[in-house]
Structures are given as structure tokens and as C-alpha cells.
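Remember, predicted model here, so these are calculated numbers, not experimental data.
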Amino acid sequence: MPELPETETIARDLHAMVVGRVIVQVAVTRPDVLREVTADRLCTTLEGLTIARVWRRAKLIVLDLTSAAEPWHLVVQPRFTGGLLVDDGRMPASELAYSCVAMRLDDDRTLHYRDVRRLGTVALMSAARFSEYSCALGPEPLDQSFDVVAFSGCVRSSQQPIKAVLMDQRRLAGVGNIYANEALWRAGIDPSREASSLTQGELQHLHGALREVLAASIAARGTSFRDYRDARGERGTFVEQLAAYGRGGEPCTRCGRRLVVTHAVDGRSTVFCPGCQY
DNA sequence: AGGGGAACCCGTACGC
DNA sequence: TGCGTACGGGTTCCCC
């Protein structure tokens with residue numbers, strides 16, 4: 001569930017909590033979440049590394065890890081139920097039960113990757129591998145350089161529905177089902193429209209709507225729909241400001257028509273207003 | 001090349 | 001009540 005705003009919230013909080021700490025011991029209890037590394041190699045590599053920075057790229061939480069030798073990136077992809085939580089000794093056993101990777105820090109706290117359904121992943125990447133991986137992802141929609149020209153370049157060549165294009169991580173990083181639905185509602189654009197059919201004016205509206213909804217959600221610490229919790233274990237409040245997602249059957253707050261839910265656009269739950277999105 | 005579909009995983013909801 | 005099953009959801013990988 002965590003998309004760009006939720007991942008950004010986790011990364012910012014976590015940075016403040018653990019920057020400068022050294023990983024002293026690592027235990028992998030659920031090795032099936034690991035990618036690109038074995039449990040043994042993850043443990044031996046991480047031990048002794050300093051957490052230099054925690055930040056976000058797309059929907060990934062990236063821990064920059066440094067030592068006298070080679071730098072590493074621990075790349076966490078929470079998917080639906082994954083999250084990074086810091087245990088200062090008071091974490092309840094019910095939470096610890098879902099810990100997949102536990103990293104003890106030099107102040108005796110433990111940084112857990114916790115994941116109930118374990119569709120999320122934890123990968124260890126060299127600087128070169130991370131660069132290759134990151135380069136395959138599209139641009140960050142909140143970057144200053146991401147203007148309407150850059151946005152148009154990402155979407156206009158595709159014959160896919162505009163909603164699917166917004167969610168395609170190779171074209172645009174960090175946008176998932178919630179914010180694709182919200183941005184299209186705000187811009188008054190039908191999610192099923194072929195991307196290449198959007199006019200210059202529509203692209204301008206959508207570019208603005210997308211950036212606004214992402215920024216507003218970050219300000220509200222993200223959307224907690226079912227499972228998402230931030231690094232402090234708390235919910236985000238942006239769900240109150242959602243106009244489309246999760247509101248199928250309710251009247252549109254702009255025109256009063258009932259919002260429609262369909263799976264016909266991209267196989268995902270799409271919510272839109274037949275009265276004012278076209 | 002780009003697109004479609006399966007696999008990954010388990011709590012929750014629902015049917016019998 | 002208890003068991004079985006369908007479902008969801010983003011990304012990756014395989015195949016066409």
C-alpha cells in the first residue's frame with residue numbers, strides 16, 4: 001500500500017531516528033523476503049556498517065550504508081504490509097512475530113523489517129547495482145525539474161489507459177493506485193482515456209493535480225487505508241482528503257453524481273466520476 | 001519491442 | 001463452530 005507519500009514519510013522519520021547509528025548484529029528470520037543476497041551474506045556484510053542516510057526513491061526506502069571499505073544500499077520495498085520499525089525494547093510480541101529481518105544498532109535499539117504477508121522485499125545492492133536499478137525507474141514527480149514538458153514526455157507516447165501509464169514505474173516513479181485515481185479525479189480526466197489522446201491543456205492539469213495530491217498527502221503523513229503505518233507505527237490522515245479512492249458509490253463532491261468502481265481499466269480497482277471526468 | 005499473465009504471500013471475509 | 005476457499009495487491013519474470 002505505501003506509495004510515494006507514505007514511503008517519503010517513513011524515510012524521513014527513520015532518517016531522524018537512526019542516522020549515524022552502526023549496525024552491530026543482524027538476524028534474518030524470514031529469508032524469503034530477501035532479494036539479490038543470501039541471509040548469511042546480508043548478515044556478514046551489514047555488521048559494522050554505519051547508516052549514513054535514509055531516503056526515498058519511487059516507492060523504495062533506501063538505507064545508505066558506509067564503512068571504511070565499500071558503500072552499500074539496503075533497498076526496502078514494503079509493497080502492501082511491509083514496514084521498518086524501531087524497537088526500543090517496548091515493541092509488543094504481536095508485532096515482533098512478523099519481523100523478517102532484525103538489525104541491532106549500537107544504541108541497543110533494533111531496526112526491524114516487519115511484513116505480515118511478506119510480498120515486500122529487502123535487497124542489498126552495491127553502488128553500481130543500485131544505480132542500474134534506479135536508472136530503470138522513471139523520474140520523481142516532485143522533483144523541481146519535473147515540469148509539464150517532462151511529464152508530457154513520460155506519458156504522451158503510450159496507447160495504454162492514462163491511469164495505467166501513471167502507475168507504470170518505468171515512466172513515472174512512486175505513483176500507485178490511490179494517487180493515480182486521485183490525480184485523475186482532480187484533473188477531471190477519465191482514467192480509461194488513451195494516454196496519447198490527452199491534450200496539452202489536460203496534461204497541464206494532470207501534472208499539477210498529481211504534484212498537488214502527492215504533496216498534500218506527504219503533509220498529512222500519507223494515507224492509511226488498511227495496513228499502512230509509518231515508522232512510528234502511526235496512521236497517516238490523508239484518507240480523510242481522498243475524493244475518489246475508496247469512495248465508490250458515494251456522491252462526487254464536485255458534481256454530485258455517484259462515483260463508479262470498475263476493474264475494467266487496468267485490472268485494478270478504479271474509482272471515477274462519470275459526471276465530471278472525461 | 002512491448003504487452004499479457006502467472007507467481008509471490010497470508011490475513012480476512014465469506015460460504016458451507 | 002470450524003473448516004475450506006476466494007481474494008487482494010505491486011513488481012518481477014517468463015513467454016509470445
> Reading nucleotides 7-13 of chain B from the 5' end, what letters show protein touch, with B for base, S for backbone sugar-phosphate only, - for no heavy atom under 4.0 Å?
-BBBS--
> Can you name the side chain to side chain contact (heavy atoms under 4.5 Å, CB included) partners of A:S152, sequence neighbours left out?
A:V148, A:R156, A:Q200, A:L203
> In whole Å, what is the span from the CG atom of A:D266 to the P atom of B:dG3?
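For the pair A:D266 CG and B:dG3 P, the rounded distance is 14 Å.
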> Whole angstrom is fine here: how far is it from CZ in A:R170 over to C1' in B:dA1?
11 Å
> Could you tell me the separation between the CZ atom of A:R57 and the C1' atom of C:dT11, rounded to a whole number of Å?
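A:R57 atom CZ is separated from C:dT11 atom C1' by 15 Å.
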> Taking atom NE2 of A:H205 as the centre, does the number of heavy atoms from other residues, nucleotides or ligands within less than 6.0 Å exceed 12?
no
> Between atom CD in A:Q159 and atom P in B:dA1, what is the gap in whole Å?
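In whole Å, B:dA1 P and A:Q159 CD are 17 Å from each other.
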> Taking any heavy-atom pair under 4.0 Å as a contact, classify A:D115: base, sugar-phosphate, or nothing.
nothing
> Both A:H263 and A:Q169 contact DNA chain C. Taking the nearest nucleotide for each, which residue is further toward the 5' end?
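It is A:H263 whose nearest nucleotide is closer to the 5' end.
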> Take the protein atom CE of A:M167 and the nucleotide atom P of C:dT12, then report the distance between them rounded to whole Å.
14 Å
> Please report the distance, rounded to the nearest Å, between CG in A:D168 and C1' in B:dA1.
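Those two atoms, CG and C1', are 14 Å apart.
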> Is A:Y133 close enough to C:dT11 that one of its side-chain N or O atoms is under 4.0 Å from OP1 or OP2 there?
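For A:Y133, the contact criterion (side-chain N or O under 4.0 Å from OP1 or OP2 of C:dT11) is not met.
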> Using a strict cut-off of less than 4.0 Å between a Lys/Arg side-chain nitrogen and an Asp/Glu carboxylate oxygen, indicate whether A:D115 and A:R79 qualify as a salt bridge.
no
> Using the C1' atoms of five pairs at each end, what's the angle between the two axes of the helix from B:dG2-C:dC16 to B:dC16-C:dG2, to 10 degrees?
50°
> Using side chain to side chain contact (heavy atoms under 4.5 Å, CB included) as the criterion, list what pairs up with A:E8, not counting sequence neighbours.
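For A:E8, the residues satisfying side chain to side chain contact (heavy atoms under 4.5 Å, CB included) (neighbours in sequence not counted) are A:R12, A:R56, A:I218.
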> Can you list the residues that meet the side chain to side chain contact (heavy atoms under 4.5 Å, CB included) rule with A:Q241, with sequence neighbours excluded?
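Scan of A:Q241 (side chain to side chain contact (heavy atoms under 4.5 Å, CB included), adjacent residues dropped) gives A:A220, A:F238.
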> Under the salt bridge (charged side-chain N to carboxylate O under 4.0 Å, His left out) definition, can you give me all pairs with a residue in residues 197-213 of chain A, not counting sequence neighbours?
A:R193-A:E202
> Please walk me through it: do A:L49 and A:L74 pass side-chain contact (heavy atoms from CB on, under 4.5 Å)?
CA-CA 11 Å; A:L49 298 185; A:L74 193 69; over 6 Å; no
> Side chain to side chain contact (heavy atoms under 4.5 Å, CB included) with A:V75: which of A:M125, A:R35, A:R57, A:E36?
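With A:V75 as partner, A:M125, A:R35, A:R57, A:E36 yield a single side chain to side chain contact (heavy atoms under 4.5 Å, CB included), made by A:M125.
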> Specify whether A:H207 and A:F151 have parallel, tilted or perpendicular ring planes, treating 30° as the upper limit for parallel and 60° as the lower limit for perpendicular.
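Tilted.
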